[in-house]
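Working notes, structure below.
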Amino acid sequence: MASNPSAVTLKIEFGGGLELLFSNQRSHKVSLPATVPNDNTTAIPVPENEPTKPADVTYLIHYLRDHLLKERAELFVENGTVRPGILVLINDTDWELEGEGDYVVKDCDEIVFISTLHGG
């Protein structure tokens with residue numbers, strides 16, 4: 001498969017119940033533009049003359065909310081990032097060690113979202 005330098009393909013995994021918000025599907029393959037709007041607008045294609053940045057995890061979160069999330073966005077996103085209680089791993093490393101939302105995604109990265117919040 002030829003690589004597209006203008007796109008980044010990611011493996012996305014959901015666990016701990018988050019998969020229920022994403023069509024009950026634990027694993028997704030997502031292709032993002034390599035450069036995205038600074039304001040994280042997920043409209044594709046990126047409008048011309050729009051200030052851009054490399055695709056990062058913050059953009060990915062917005063993209064997942066706008067394109068894959070099927071219900072109850074408030075259980076996944078709060079204040080432009082994942083809710084407290086959702087563990088994010090980037091290639092098996094806690095995202096806090098990778099710069100959190102500022103981490104620039106690379107082709108074939110694996111991003112895992114695990115909810116640690118459970119009702120009772």
Backbone of Gly101 reached by a side-chain donor or acceptor of Thr58 within 3.5 Å: yes
Spacing of NZ belonging to Lys29 relative to OG1 belonging to Thr9, to within rounding of 0.5 Å: 6.5 Å
Minimum-distance pair of heavy atoms, taken over all atoms of Val8 and Asp107: CG1-N, 3.4 Å
Selection residues 10-27 - residue pairs positive for salt bridge (Lys or Arg N to Asp or Glu O under 4.0 Å), sequence neighbours left out: Lys11-Glu13, Lys11-Glu110, Glu19-Arg26
Sequence neighbours excluded, every pair satisfying side chain to side chain donor-acceptor pair (under 3.5 Å) that has a member inside residues 91-101: Asn91-Asp109
Which residues share a ring pair (Phe, Tyr, Trp, His ring centres under 6.0 Å) with His28, sequence neighbours left out: Phe14
Exam field: side chain Thr116 to backbone Gly85, donor-acceptor pair closer than 3.5 Å: yes
For Ala7 against Ser31, the heavy-atom pair lying closest together: CB-OG, 3.8 Å
pair Val57-Val105: side-chain heavy atoms closer than 4.5 Å: yes
Nearest non-hydrogen partners of Leu64 and Phe22, listed with the distance: O-CE2, 3.9 Å
Close side-chain approach of Ile111 and Leu60, heavy atoms under 4.5 Å: yes
For Ile86 against Phe76, the heavy-atom pair lying closest together: CD1-O, 3.7 Å
Non-hydrogen atoms of Gly80 and His62 that approach each other most closely: O-CE1, 3.5 Å
Hphob cluster co-occupancy, Ile114 + Ile12, side-chain heavy atoms under 4.5 angstrom: no
Joint hydrophobic cluster, Leu69 plus Phe113, side-chain heavy atoms closer than 4.5 Å: yes
Selection residues 70-81 - residue pairs positive for side chain to side chain donor-acceptor pair (under 3.5 Å), sequence neighbours left out: Arg72-Glu74
Residue pair Leu18, Leu20: steps toward the side chain to side chain contact (heavy atoms under 4.5 Å, CB included) verdict: CA-CA 5 Å; Leu18 277 178; Leu20 298 173; over 6 Å; no
Listed partners of Asn38 passing side-chain hydrogen bond (donor to acceptor under 3.5 Å, both in side chains), at least two apart: none
Within one Ile-Leu-Val-Met-Phe-Trp-Tyr cluster: Leu75 and Val112, side-chain cutoff 4.5 Å: no
Listed partners of Ser23 passing side-chain hydrogen bond (donor to acceptor under 3.5 Å, both in side chains), at least two apart: none
Any Tyr59 side-chain heavy atom under 4.5 Å of Thr42 side chain: yes
Inter-residue atom distance Asp39.CG - Lys53.NZ, 0.5 Å rounding: 8.5 Å
Side-chain heavy-atom pair Asn40, Asp56 within 4.5 angstrom cut-off: yes
Test log, rule side chain to side chain contact (heavy atoms under 4.5 Å, CB included), inputs Tyr63 and Val36: CA-CA 11 Å; Tyr63 179 88; Val36 299; over 6 Å; no
Note, Val77 side chain near Val82 side chain (heavy atom, < 4.5 Å): no
